[in-house]
Amino acid sequence: MSSTPFDNQAPETGTARVKRGMAEQLKGGVIMDVVTPEQAKIAEDAGAVAVMALERVPADIRKDGGVARMSDPDMIEGIIAAVSIPVMAKSRIGHFVEAQVLQSLGVDYIDESEVLTPADEVNHSDKWSFTTPFVCGATNLGEALRRIAEGAAMIRSKGEAGTGNVVEAVRHLRQIKNEIARLRGFDNHELYAAAKELRAPYELVKEVAGLGRLPVVLFSAGGVATPADAALMRQLGAEGVFVGSGIFKSGDPAKRAAAIVKATTFYDDPKIIADASRDLGEAMVGINCDTLPETERYANRGW
Amino acid sequence: MSDPVVGVLALQGDVREHLVALAATGAVARPVRRAQELDGIDGLVLPGGESTTISKLAVLFGVLDPLRARVRAGLPVYGTCAGMILLADKILDPRSGQETVGGIDMIVRRNAFGRQNESFEAAVAVRGVPGEPVEGVFIRAPWVESVGGAVEVLAEHDGHIVAVRQGDVLATSFHPELTGDHRVHALFVDMVRARAKADAL
């Protein structure tokens with residue numbers, strides 16, 4: 001015991017405030033997908049607030065097909081050792097053992113992600129039972145609130161990862177924003193029916209109606225390939241941006257990464273976004289989402 | 001005296017929570033992203049966030065040098081978590097090229113309390129904050145390794161320094177802005193008011 005005059009009590013880890021508060025610290029920032037320690041360092045040097053450690057970026061997962069799973073622990077540990085910013089990693093939807101493994105490796109956030117092949121067609125993981133916080137994808141308000149009810153401490157759009165096409169992320173963010181705006185106009189009687197319609201707990205629906213936003217941080221994910229894409233998502237209400245394949249599938253990753261960071265901070269300043277957009281080399285090629293067969297749409301995974 | 005204007009450095013981090021806390025203590029709170037936005041503020045908060053990201057953006061957009069000059073000239077500043085790191089004259093284990101604003105003669109250790117799984121809440125008694133201890137929310141938090149003679153230690157946790165003050169510069173390892181208890185912000189806004197009053201004489 002210290003002999004100081006300070007009166008301290010025993011600390012408590014894994015509280016909702018500590019989990020959600022962690023995401024609050026990431027606001028205004030860019031979280032980048034990386035597959036090697038070298039890429040993680042490039043991301044950190046470019047100003048990323050966190051990295052997502054994975055074996056293949058979504059564009060390659062799409063190309064390769066097959067079952068996409070949690071990454072190799074050695075690879076995740078290599079990235080944790082390489083950078084001082086937070087490291088996130090993905091588990092399959094409902095694969096709570098992958099999540100247990102990620103927690104034991106000491107990752108800072110777990111993404112229960114539709115980009116990997118779902119392990120359970122009915123249930124997502126019980127995220128309250130973990131010390132490590134979770135981020136989950138959502139296409140609409142009901143889905144976001146169901147994930148929060150399961151313990152998610154951060155929500156992101158699902159976008160359509162690995163396409164380089166921002167259209168789906170725009171749809172999801174607009175949808176969530178519009179549904180929240182609609183709740184704002186409801187009285188108490190109507191909120192019960194709204195909860196039923198949203199298939200979400202009444203208490204959460206009521207909280208969102210009062211706050212005018214989700215009770216956790218909302219990021220954009222999926223399809224961001226340019227500085228202007230990132231700024232668009234922020235102007236649409238995203239508090240920060242995940243960038244997956246868009247950086248390391250482009251011509252000059254270090255430069256593009258730094259440019260997307262600048263545009264995310266100054267998302268409302270077209271002059272800075274213009275400067276950030278100059279001379280970036282090739283953007284990732286991209287896929288048109290309306291040519292994607294329904295079975296290959298990640299946004300349909302999760303419920 | 002009119003209400004003091006207190007900026008929040010809004011390059012990245014939990015800016016909104018600080019704006020809310022400052023407004024609740026009677027300050028006029030506004031985000032600051034550009035060097036010219038430092039003009040006309042009576043005090044500044046450096047929020048929680050990623051210290052490497054914030055310092056990079058501050059250098060890139062020409063905010064760091066003007067900010068250093070203002071702090072040296074006596075601008076009251078309060079930093080939480082990443083903001084504490086930015087206010088340290090020295091970082092124990094900086095990333096290459098990581099610069100700080102400085103203002104407190106201390107050495108900080110980044111992520112000293114561990115990774116996210118070790119992030120915690122604990123009651124912390126803070127000198128200068130009357131009443132019950134504050135709820136300390138520590139998120140991948142730094143601690144202060146050592147301080148110079150001019151630095152007043154305001155709080156410790158588990159034998160480590162977690163709140164300090166030197167002149168009109170205040171720093172905490174933890175995040176009062178996440179708790180809804182605005183007493184630490186009130187302490188800072190009182191410092192800003194006192195400073196503005198002294199400058200007016």
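The chains referred to below are lettered A, B, ... by the order of the sequence lines, with proteins before strands, and numbering in each begins at 1. The figures here come from the full heavy-atom set of this structure, side chains too, leaving out hydrogens, waters and symmetry mates.
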Hey, what do you get for NZ (B:K56) to CG (A:D45), rounding to the nearest 0.5 Å?
5.0 Å
Applying the side-chain hydrogen bond (donor to acceptor under 3.5 Å, both in side chains) criterion to B:N117, which one of A:D108, A:T132, A:T13 satisfies it?
A:T132
Proximity breakdown for A:E44 and chain B, heavy-atom pairs closer than 4.5 Å
both
Name the one of A:D269, A:D268, A:T265 that satisfies side-chain hydrogen bond (donor to acceptor under 3.5 Å, both in side chains) with B:R33?
A:D268
Check whether A:V30 gets within reach of chain B through its side chain, its backbone, both or neither, counting any heavy atom under 4.5 Å.
neither
Work out which heavy atom in B:A122 is nearest to a heavy atom in A:P11; give both atom names and the distance.
CB-CA, 4.0 Å
Under a 4.5 Å cutoff for heavy-atom pairs, which residue among B:E177, B:R34, B:R110 has the most contacts with chain A?
B:R34
Heavy-atom contact with chain B under 4.5 Å, split by part of A:F266:
both
Which atom of B:Q12 lies closest to which atom of A:K27, heavy atoms considered
NE2-O, 2.9 Å
Contact summary for B:S119 and A:V18, nearest pair of heavy atoms:
CB-CG1, 3.4 Å
More than 12 heavy atoms of other residues, nucleotides or ligands under 6.0 Å from CD of A:E12: is that the case?
no
So, do A:P86 and B:Q116 sit near enough that their side-chain heavy atoms are less than 4.5 Å apart?
no
Pick from B:G49, B:G114, B:S51 with the largest number of heavy-atom pairs that fall under 4.5 Å of chain A:
B:G49
Shortest non-hydrogen contact between A:I80 and B:R115, atoms and distance
CG2-NH1, 3.5 Å
When rounded to the nearest 0.5 angstrom, what is the spacing between CE in A:M22 and NE2 in B:H175?
9.5 Å
What part of A:A258 lies closer than 4.5 angstrom to a heavy atom of chain B: side chain, backbone, both or neither?
neither
As an exercise: rank A:P133, A:G29, A:G106, A:S84 by heavy-atom pairs under 4.5 Å with chain B and give me the winner.
A:S84
Where is the tightest heavy-atom contact between B:L60 and A:K262, given as atom of each residue plus distance?
CD2-CE, 3.4 Å
If you count the non-hydrogen atoms of other residues, nucleotides and ligands that lie under 6.0 Å from CZ in B:R30, is the total more than 12?
no
Can you tell me which of A:E239, A:R213, A:Q103 forms the most heavy-atom pairs within a distance under 4.5 Å of chain B?
A:R213
B:E50 side-chain N/O to A:G47 backbone N/O, donor-acceptor pair under 3.5 Å
no
Segment of B:L57 engaging chain A (4.5 angstrom heavy-atom cut-off)
side chain
Of all the heavy-atom pairs spanning B:L178 and A:E24, show the shortest one and how long it is.
CD2-CG, 4.1 Å
A:F96, CZ atom: more than 12 neighbouring heavy atoms under 6.0 Å
no
Side chain, backbone, both or neither of B:E118 within contact of chain A (heavy atoms, under 4.5 Å)
backbone
Check whether any side-chain heavy atom of B:E135 sits under 4.5 Å from a side-chain heavy atom of A:R17, and report yes or no.
yes
